[in-house]
Asks: 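The structure follows.
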Amino acid sequence: AGTLGAAAAEKGRYFGAAVAANHLGEAAYATTLDTEFNSATPENEMKWDAVESTRNSFTFGAADQIVGHAQGKGMKVRGHTLVWHSQLPGWVSGLGASDLRAAMNNHITQVMLHYKGKIHSWDVVNEAFQDGGSGARRSSPFQDKLGNGFIEEAFRTARAADPAAKLCYNDYNTDGANAKSNAVYAMVKDFKARGVPIDCVGFQSHFNSASPVPGDYRANLQRFADLGVDVQITELDIEGSGSSQAASYTTVVNACLDVSRCTGITVWGVTDKYSWRSGGTPLLFDGNYAKKPAYTAVLTALGGS
Ligand code: G3I
């Protein structure tokens, strides 16, 4: 296979990119996306502030544009994200507990019903744990007003809305074994033991020199898979360039291929030109859409050429 998506498919996996609706009109952007990737994640367009900036008034235009484009090209779509402390409209933060619970469940239900049957995996809850050594939950309107049970409630509501979608918990700095990933692990283990619906764990995998690919990356993916969930690499990008960046990408792809329940990889953007790391070069295509050494490394690791 000569593309990332086709090579991944031969390994029984998808290879996706985060997509921004406002770049789809740029020919090189759309061509690169359509040629190379077989899964798309809206980078911002499905977040709460984008789809429900006013209570119970939903605007799906930009997200629909991405979903329509992806479906027209035969790509799968990941849903990102339903419950997150960031990009959250002010009206949500101002609610009291019972109102907040109702708003959270309504948001999950309405968004998932709108896309029912079109999303292969949803990031139901994003980034609910703190960094550092505590393993504690992150402060957020949901955590502070609803308590630890908000995650479980969100997953139960999501299962009812679209029973066919895979339901994921997604986070960063959980890529190796550490206090944060141990806390997520304990939650997933508890959910599986109690029958709380969860199907997958997303490992964002934003790497740079201060936070490189951990030595136990594969082992960490495997220990989660051993709990009976799929694992997905959901927002991969690796700062750097040349052969060292390429080598890190190879490590990540090989780790996913080594874990049978690692079902796919998404890179967090199509081109360095539009990376969220402004001025950074963490992706597979450079600012002119030329293939980087990292691209060749990924394709080779996937068994393509
Ligand atoms: O759309 C508005 C525009 O109307 C406004 O004029 C402009 C002025 O600041 O802002 C635009 O919104 C920006 C938005 O991206 C769309 O471009 C926001 O400021 C900016 O903060 C936002 O950044 C996004 C970031 O999440 C916000 O938290 C990045 O694009 C996006 O790549 C990033 O993605 C996150 C994942 O969702 C979760 N994991 C971490 C990852 C990287 O931070």
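Worth knowing before you read on, the calculation uses all heavy atoms, side chains too, and leaves out hydrogens, waters and symmetry mates. First listed ligand is number 1; within each ligand, the first listed atom is number 1.
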Asks: For Phe150, does the six-membered ring have the charged nitrogen or CZ of Lys145 within the cation-pi criterion, i.e. under 6.0 angstrom from the centroid and within 45° of the normal?
Replies: no
Asks: Please tell me whether Phe207 and Tyr217 form a close aromatic pair, meaning their ring centres lie under 6.0 Å apart.
Replies: yes
Asks: Could Arg277 and Glu239 be called an ion pair, given the rule that one side-chain N must be under 4.0 Å from one carboxylate O?
Replies: no
Asks: Residue by residue, ordered by chain and number, which ones reach under 4.0 Å of ligand 1 with a heavy atom?
Replies: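 Around ligand 1, where the cutoff is 4.0 Å for heavy atoms, the contacting residues are Glu43, Asn44, Lys47, His80, Trp84, Ser86, Gln87, Asn126, Glu127, Gln204, His206, Glu235, Trp268, Trp276.
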Asks: Given Asp237, which of Gln204, Gln245, His206 fulfils the side-chain hydrogen bond (donor to acceptor under 3.5 Å, both in side chains) condition?
Replies: His206
Asks: Are the aromatic rings of Phe60 and Tyr115 close, with centres under 6.0 Å apart?
Replies: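 Aromatic pair counts; centres sit under 6.0 Å.
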Asks: For Glu45, which of Asp64, Val19, Ile66, Val51 qualifies under side-chain contact (heavy atoms from CB on, under 4.5 Å)?
Replies: Ile66
